[in-house]
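Notes follow the structure.
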Amino acid sequence: MRRYFGRKLLIYGLTFFVAVTVNWMIPRFMPGDPVASMVARANVTRPEAVEAMRAYYNNLFGFDQPLWQQYLNFWGALFRGDFGLSIWLFPTPVSDVIINAVPYTLALIVPSVLLSWVVGNQFGAYAARRKLLDNTVLPVGYVLTAMPYMWLAVLLAWALGVIGGFFPVAGGYSFSMRPNWSWTFMLDLVHHWTLPFLSLFLVALGGWAIGMRNMIIYELESDYSNYLSALGAPSRLIRRYAFRNAVLPQITGLALQLGVLVAGALVTEIVFAYPGLGSLILNAIKNKDFFLLQGSFLFIVLGVLIANFIIDIVYVVVDPRTRAGMAGAQA
Amino acid sequence: MRNRARIMIPLVAAGLLATACTGGGSTPTPPAGQTQGSQGAAAPANPDQLPRSETLYTTGTQWGPPANFNPVREWDSAVGTKGLVYETLFHYDTTAAKLTPWLAESGSWTDDSTYQVKLRQGIKWSDGQPLTAKDVVFSFELGKMETIPYHNLWTWLKTVEAVDDQTVKFTFSKANYQQWDFNLYGRTIVPEHIWKGRSEKEVLDGVNENPVGTGAYKFMSKDQDRVVLQRRDDWWGKTALNMEPKPRYIVDIATPSNEVALGLLMQKGLDLSNNFLPGVANLVKGNFGLTTYYAEPPYHLSANTAWLVPNNTKKPMNDPAFRKALASSIDVKQIVEGVYGNLVKASSPTGLLPQWEQFVDQNVVSSSGFAFDAAKGKKLLSDAGYKDTDGDGFVENKDGSKMNLTLIVPSGWTDWMESARSIATSAKGAGIQITPDFPDFNALVEKRAKGDYDLLINNERQLSNSPYTYYEYMFQLPIQKQQNTVNFARYENKKAWDLVQQLDQVKTDDVEGMKKIISQLQQIHLDDMPVIPLWYNGLWAQSSNSVWKNWPSGAGSAPKTGAVMWRNWLELGGFESLTQLQPSGS
């Protein structure tokens, strides 16, 4: 047990170190100078004033130090929980910006991923046994999954938002409201959350269902199923075993999915103007906001690592082979 | 499922808490006994839910969360910081071309280098303290700090003194009359009793969390994608100016894209969009209750001139003859119709905005102006010695080397990207090879500042009180290693720059004197073509009549000011437009 988690933790530690380093490097080697664009935005004409401002901001952001020093400072600040000031939203601290955005993103991603996984798997398992479902609903799943996400999202916004008028097309809550603890506000939150959630959910659902369906069919035709059935076991029991076996690769898929999810949410958030992490990342890139970009990526890296760690634990519970491996048994 | 709920509850709670915390500000209580809006006996405003009939929703200025409320940061402070919360001494009326006294009751030159401002009586800051001459002195003296954007004022302004509580005397070492008017409606006045003792860092970079201004609005709340302003019912202008902005609440929405703005507009959740919306002609003609300033092309007022900026230090752009040939070979009409669908207007050869038309010297234009004419462009090229020696359809440099110019515009600016393609196509007709290139915005800023480009499109000067700002853009010297805001073309002409400075020395009421100098500047511009004017960008304003009506319009007796919340435009008529609105309901 300790060896298993010890090794995992070591790998996670290494991944974290590399990810943070790459994360620090990428914005710095992107073309363009953030201070230059800050000064340009300030619309200062006189050369003396421009120089004064440049020097001032270079010093403020520590760009006047050698690269290695900047790198060390970055780690130092990181351990103090200080991500620096956002350049784009100057002078807001990056941590504030991210903390404001993260709840929206999580509220969007976590339910849509988990729910689509659960529903998709159940649905796929049913579809494997019901010809009717298999022939009608699954093809829709194929189409949904294959469709460019952006397009689906825009279609949803247009049909249910602009034309149907059922859901708002932008914002995390009504522009006429201020956050409070009333039911009206909660309902409003959910109302704004529905469309982006639905778009993420629908796309992911089809993929999970298809995967599960194929897997179940494979398991139901495998030797152990045939053997069980020859022994006269009830088909409910066979299906239960088949499901347990089929779900393992789906769990791995879930772990992988978590990694690319933020990218998925990025597009969602832009289409629906949802105030989450995704729109922050886009703007950080557009504005060469080193610090915000680093902060957001760090958050994603942490999120993915934690999610994977949880999946590792889940594996111990659901896959007896992992437990056997930990106890030192040979397969 | 149970697991999910366990994870979700604290997450959602944390999320709500975080957003609730940023709600900020004190909970506004509706002042007792005030008359409700024109909607009749509406219920008292619930601070958590704004009444639709008293709220104006706008977008198109802010592209991200409101980061600060610092009026010194004129370029990225939250919408309305300057103009709605803080105010300036004057406004500028773009149609009448004159300053409108605002915080100042009057202002005049007492001699050639002394300007005296009389402040209005009885103006109070939102914390109840009176506005005095000392506040004005303090605000201008902030510019003495080196990193403050208007620091350069102090190279020609000698002293600012408070003569008495209502009188401020400005003494100049060199009276730059044209620039001074610009400063009179451009600089915000901040309260000395609150700002005194703030360090340079705080003045330049401070968030200024609870702004105390003299303006008609105060900040009520903010969030990632919005700023909410609430009208002050004790605003001085109600009695002194006899005007009042009609919306009790203004919500400025930060939309990430024009598509979102369009969606909101169609859902009637938005009253004013200052975005560039390509298909607006269909919207105005269709039955959507949307209006723009003009009901026919170009639909919008003109806000600024888009130029093609050649890098005057590189060959062949360093040859005026080549630049003139290039100017003649660009089919701007094609851009106006094909790219913009007539949403913009082709510019005059001088590039001076329609509002400055009186300064255009028709004689100069008719003798030296240019127009699209591919044949003439070709002829100008060959007269200047540019020949197609290898027969590929494109001319070569004078020394025989291949000429292939790159035209850069920011990636993602789709209208400009199309325009760049159009320019490349029409220049081909005259035999000039241009390749459009779309670097990302920051990379472009860097190239532009360093002069590491061939051609680019730029429009970074807005309408102002005087063509001075226009010619300052074109001719400012000396050329720096980094050109950050003006003269990206790196055009060096000492005579032209001297003339621009002379223009600055002409009093703003001396129109004839201004015309004389401007006519010479036009001559230099058209002879040398340091930058090539292309079209006038619009003052994009799409407004919905569903909640508010009487939007500015070119027709009938409607207000003639621009309906814009863009930075620095509230002083150019944007604020006055707000006072002219009427509720549509009833």
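None of the values given here were measured: they were computed from a predicted structure. Within every chain, numbering begins at 1; the chains are lettered A, B, ... in the order of the sequence lines, protein sequences first and strands thereafter.
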* To do: Could you have a look at A:I163, A:D96, A:V162 and say which one has the most heavy-atom pairs with chain B under 4.5 angstrom?
  => A:V162
* Structure fact -> Interface check, chain B: of A:A55, A:G161, A:S279, A:G171, most non-hydrogen pairs under 4.5 Å belong to A:G161
* Minimum-distance pair of heavy atoms, taken over all atoms of B:G263 and A:V169 -> C-CG2, 4.0 Å
* To do: Heavy atoms only: give me the nearest B:V260-A:I270 pair and the separation to one decimal.
  => CG2-O, 3.8 Å
So for [X], is it side chain, backbone, both, or neither that comes closer than 4.5 Å to the heavy atoms of chain B?
X: A:S174; result: backbone
X: A:T92; result: side chain
X: A:L280; result: side chain
X: A:V271; result: backbone
X: A:A101; result: both
X: A:L60; result: side chain

* Asked: Are more than 12 heavy atoms from other residues, nucleotides or ligands located less than 6.0 Å from atom CH2 of B:W154?
  -> yes
* **Among B:L264, B:D252, B:L50, B:D223, side-chain contact (heavy atoms from CB on, under 4.5 Å) partner for A:F175** => B:L264
* To do: Give, as side chain, backbone, both or neither, the part of B:Q482 having an atom under 4.5 angstrom from any heavy atom of chain A.
  => side chain
* chain A heavy atoms under 4.5 Å from B:V207: which part of the residue, side chain, backbone, both or neither? -> both
* chain A interface, residue from B:N70, B:I253, B:T55, B:L262 that has the most non-hydrogen pairs under 4.5 Å -> B:I253
* To do: Under the ring pair (Phe, Tyr, Trp, His ring centres under 6.0 Å) rule, collect the residues that match up with A:F201, sequence neighbours excluded.
  => A:F197
* Partners meeting salt bridge (Lys or Arg N to Asp or Glu O under 4.0 Å) with B:D205 (sequence neighbours left out) -> B:R73
* To do: Starting from the C-alpha separation in whole Å, work towards a yes-or-no answer on side chain to side chain contact (heavy atoms under 4.5 Å, CB included) for B:K201 and A:Y56.
  => CA-CA 9 Å; B:K201 185 175 157 39; A:Y56 172 80; 3.2 Å; yes
* Residues B:E259, A:W158; criterion side chain to side chain contact (heavy atoms under 4.5 Å, CB included); working and verdict -> CA-CA 11 Å; B:E259 289 73 29; A:W158 184 73; over 6 Å; no
* Please check if the side chain of B:Q267 supplies one atom and the backbone of A:P168 the other of a donor-acceptor pair under 3.5 Å. => no
* Asked: If you round to the nearest 0.5 Å, how far is CD1 of A:I87 from CG of B:D76?
  -> 12.0 Å
